[in-house]
Structure formats: C-alpha cells, structure tokens
Amino acid sequence: MSELPEVEILVRHLDPVLRGKRVRAVSVLRPRVIRPNSAAKLQASLRGAKFTAVRRRGKYLVFELSRSRNQPVQLLGHLGMTGRFFVSRKDQPTPKHTSLFFDLGPERLVFEDTRYFGRLTLDLTPLAKLGPEPLGEEFTSAALAENLKRSRQPIKTKLLDQAVVAGVGNIYASEALFRAGIAPSLPARKLKQRQIVRLVRSIRRVLTEAVRCGSTIPLNVTGPAQADRLFYFGQASGTSAFYEERLRVYDRANQPCGHCGAPIRRIVQAARSTFFCPRCQRA
DNA sequence: CACCATGTTCCTTG
DNA sequence: CCAAGGAACATGGT
C-alpha cells in the first residue's frame, strides 16, 4: 500500500462514493493522527460539511468538502505504511486499529491504520513542499536533472525525496531504476543526460502500469464488512500474488533476474532496502 | 528474542 | 545555511 499507484486507485474508488455525502460527526479514536490540528478543531470544521471531491497529490489524499454557504474545506490524508480508508455500514464493527471515522448517516468512512503512521489534517502546507507529479507534464528530464545535479546522494535515496518527484516510494524506486538500467548507488550528480531521460520514462512506465494493474484487480472485500464497499486491494491472498508478480526486483533477493539470470541483490541505503540486478544495473 | 516492513519528520553532525 | 544519516513514531509477521 501507499505509494502513488495505490493512493490513486483508492482515490478513484472513494471519489464517486463520497461525493455528495454529508459528515454528521467525526469520531476520533487516536487523536495523534490529527497532528498538528486538534481533534476538536477538525470536528468543528467538518460537522455538516459535504464531500465534493476526493483527489490525489503525491501520496496524499485530498478530501474536498463544502460547508454551509459554499465555504470550501480541504482535508489532507496520508496513509503512512499501513493506513486504509473504506466505507462500511454503521452497524458493522470498526476494526481494531481504527484511527478515526466519519459518520455519514447510514454509512461510515473509516480510517484504519495498524501502525498509526498515517495522518489526517486541515494543514495543507505539506502539499507546497512536493515536487512534480511524475505522471504530469511538469515532470521532465530537464526538471529532474536540475534536482540531481548538485546531489551526492545515491540516486535511489534521491528518488524517495518527495521534493524531487512526488509519489515514488521504496518499491517503485527500485523498480524504476531496474527498468532504466541504472545502479541504485550511483551518486545523483553522476547521472548522464540520457540516463536521466531513461529514468523519467521508467518512472512514468512503472507507475502507469501499476495503476492500470490495480484498476483491474477485483476489490478484496474480505473482512468484517464483507457485503459493503471496502477498498482493500493488493492485500489479500488471491489478489496479492497477481499484484506482486509485476515487481521485477523488489523483495526478490537471490532470485534470478528475469532479464539476465544473475541473482538479485538486496542492499541497505538510508536505512531502507534496495533491490537491484548487479549485472543489468552496473555502477 | 531478533529482525524486517509500502513513510515522514525531527534532530544531530559535518 | 545545506546535505546526509539516523532515530523515532507503533504494531505485527516471520
């Protein structure tokens, strides 16, 4: 969960379901998720507001609502590592690690998050710090080159910087570098122009394929609210294998590279796992 | 018990 | 001031 493609798919499901629904109340079970705003402030701002749209920016969900007299409110959501949003009937029990839920009348919008790294806030300043959308036209090789040219950081680490490109996480950073044939340890400023061009294309391709693949996965509705519209995906037994088959290097340490047969290696960079083919991605 | 995990922010160090 | 590294956040799986 929770790199750009997963958030994109979630947003596509949530948008038509939430549009027009009114927030009757907000129940905050874990006040820390609302940092830095207080729970009381969020409840006061959202009570009675109506969802008008749900969109995505980087890995953030942006909930747009309208209060009385058409006053717009925006709410920023981040899934962290394990966060999930889903809609279920009010008579269904909420899961164990529910951070918060919105009372929508007969239904609820539930924010479940096992590790509680996720966030929900009225503070929109995180959006201002994000770099270009990788699938938008502002993400060009010239823009990427500008961001890489002064950095000695390994390119893999640099791709995780949301100010460089918004939405790439640990899985797709490894995948994009594999497809571009670039060693993850290469210092960012050492990339040649043609490598940067290839990297931009690889990032776009990897993310686009993931969104397309996720869109075709039947939603996994196992769980406490089986009959309801739950937005789990890529998580359950059946769908997961299919979903992860597309990943060519991530979590494949010691398995043969699909291109050359050399064993995939796992290294640690900036305290995160990186997977790559030492033969297809030479330093 | 040890180590690992899809993310971000804050603190320290150079 | 900036870049880079590491801890912290919290819980569960292997």
Side-chain angles (χ1 to χ4, degrees), chain A residues 1-10 29-37 56-61 76-85 95-100 111-121 123-131 134 147-177 184-190 203 206-207 210-211 213-214 217 231-237 239-241 243-254 266-275:
Chain A
M1 276 297 275
S2 94
E3 296 188 34
L4 181 150
E6 293 77 22
V7 178
E8 176 64 28
I9 292 157
L10 177 59
L29 285 64
R30 296 285 293 222
R32 290 178 63 85
V33 303
I34 307 184
R35 226 170 24 185
N37 304 53
R56 179 192 62 73
R57 175 76 174 97
K59 300 173 192 174
Y60 288 93
L61 298 106
L76 208 57
H78 197 291
L79 300 174
M81 303 269 270
T82 55
R84 287 175 174 77
F85 279 96
K96 182 179 174 190
H97 299 293
T98 297
S99 288
L100 154 165
F111 184 22
E112 181 203 3
D113 185 6
T114 318
R115 286 171 71 180
Y116 299 113
F117 286 180
R119 290 286 175 265
L120 207 60
T121 178
D123 173 18
L124 300 179
T125 55
L127 292 184
K129 298 170 188 157
L130 296 178
N147 269 305
L148 301 185
K149 74 181 185 192
R150 273 178 230 90
S151 176
R152 298 163 202 266
Q153 266 190 314
I155 183 61
K156 153 63 164 42
T157 307
K158 207 67 189 161
L159 289 181
L160 299 182
D161 182 348
Q162 301 300 296
V164 171
V165 52
V168 174
N170 205 39
I171 292 175
Y172 296 110
S174 282
E175 292 297 315
L177 286 169
S185 56
L186 188 65
R189 59 195 273 154
K190 300 275 193 190
I203 290 169
V206 157
L207 297 177
V211 170
C213 176
I217 288 178
F231 303 109
Y232 286 104
F233 49 85
Q235 178 67 6
S237 45
T239 55
S240 169
Y243 184 72
E244 275 159 28
E245 257 171 40
R246 298 169 306 102
L247 303 178
R248 300 188 194 166
V249 288
Y250 184 81
D251 207 17
R252 288 185 183 274
N254 304 315
R266 170 185 180 271
I267 58 172
V268 174
Q269 298 179 286
R272 317 289 306 275
S273 288
T274 298
F275 298 89

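Values below: every heavy atom of this structure, side chains too, minus hydrogens, waters and symmetry copies. Since the structure is predicted, the reported quantities are computational estimates derived from the model, not experimental observations. Letters A, B, ... mirror the listed sequences (proteins, then strands); counts begin at 1.
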Would you mind reading off the distance between L61(A) atom CG and dT8(B) atom P, rounded to a whole angstrom?
12 Å

Stacking here means centres under 5.5 Å and planes under 30°; does F117(A) stack on dT8(B)?
no

Side-chain N or O of S151(A) less than 4.0 angstrom from OP1 or OP2 on dC2(C)?
no

Readout for nucleotides 9-14 of chain B: B = base within 4.0 Å of protein heavy atom, S = sugar-phosphate only, - = neither; 5' to 3' it is S-----

Does Q153(A) have any side-chain contact (heavy atoms from CB on, under 4.5 Å) partners at least two apart in sequence or in another chain, and if so, which?
S151(A), T157(A), K158(A)

Which protein N or O atoms sit under 3.5 Å from an N or O of nucleotides 5-8 of chain C?
none

In chain order, what residues pass the side-chain contact (heavy atoms from CB on, under 4.5 Å) check against Y250(A), with sequence neighbours excluded?
N170(A), I171(A), E175(A), L247(A), F275(A)

Residues in side-chain contact (heavy atoms from CB on, under 4.5 Å) contact with K149(A), at least two apart in sequence or another chain:
E146(A)

Rounded to the nearest 0.5 Å, what separation is found between the CZ atom of R35(A) and the OG1 atom of T121(A)?
10.5 Å

Do the non-hydrogen side-chain atoms of L10(A) and L79(A) ever get within less than 4.5 Å of each other?
yes

Roughly, in whole Å, what's the span from NE2 in H78(A) to C1' in dG7(B)?
6 Å

Counting any heavy atom closer than 4.0 Å, what does R119(A) reach on the DNA or RNA strands: base, sugar-phosphate only, or nothing?
nothing

Take atom CG of L120(A) and atom P of dT8(B), then tell me their distance rounded to the nearest Å.
15 Å

When you measure from the side chain of Q269(A) to the backbone N and O of P154(A), does any donor-acceptor pair fall under 3.5 Å?
no

Q162(A) side-chain N/O to G131(A) backbone N/O, donor-acceptor pair under 3.5 Å
no

Measure CG/L79(A) against P/dT8(B) and give the value in whole Å, please.
10 Å

Among residues at least two apart in sequence or on other chains, which ones pass side-chain contact (heavy atoms from CB on, under 4.5 Å) with T98(A)?
L29(A), T94(A), P95(A), F101(A), V110(A)

Regarding R152(A), tell me which of base, sugar-phosphate or nothing describes its non-hydrogen contacts under 4.0 Å with the strands shown.
sugar-phosphate

Strand contacts (DNA chain B) in residues 158-170 of chain A, 4.0 angstrom heavy-atom criterion
Q162(A), G169(A), N170(A)

If a stem is a run of at least 3 consecutive Watson-Crick or G-U pairs, both distances under 3.5 Å, which stems include DNA chain C?
B:2-5 with C:11-14, B:7-14 with C:2-9

N/O (side chain, R150(A)) to phosphate O (OP1/OP2, dC2(C)) under 4.0 Å:
no

E3(A) CD to dA5(B) P, straight-line distance once rounded to whole Å:
13 Å

Are more than 12 heavy atoms from other residues, nucleotides or ligands located less than 6.0 Å from atom CZ of R152(A)?
no

Protein and nucleotides 2-4 of chain B: nitrogen or oxygen contacts under 3.5 angstrom:
none

Set out, line by line, the N/O atom pairs under 3.5 Å between protein and nucleotides 11-14 of chain C.
from    : atom 1 : to     : atom 2 : distance (Å)
dT11(C) : OP1    : R30(A) : NH1    : 3.4
dT11(C) : O3'    : H97(A) : NE2    : 3.2
dG12(C) : OP1    : K96(A) : NZ     : 3.1
dG12(C) : OP1    : H97(A) : NE2    : 2.5

Can you name the ring-ring contact (aromatic ring centres under 6.0 Å, His included) partners of F117(A), sequence neighbours left out?
none

Can you name the nearest heavy-atom pair linking A173(A) to K156(A), along with the distance?
CB-CD, 3.7 Å

Tell me: CG of L4(A) to C1' of dG7(B), nearest whole Å?
14 Å

F111(A) vs F85(A) aromatic rings, parallel, tilted or perpendicular, using cut-offs 30° and 60°?
parallel

Excluding sequence neighbours, so at least two apart, what forms salt bridge (charged side-chain N to carboxylate O under 4.0 Å, His left out) with R57(A)?
E133(A)

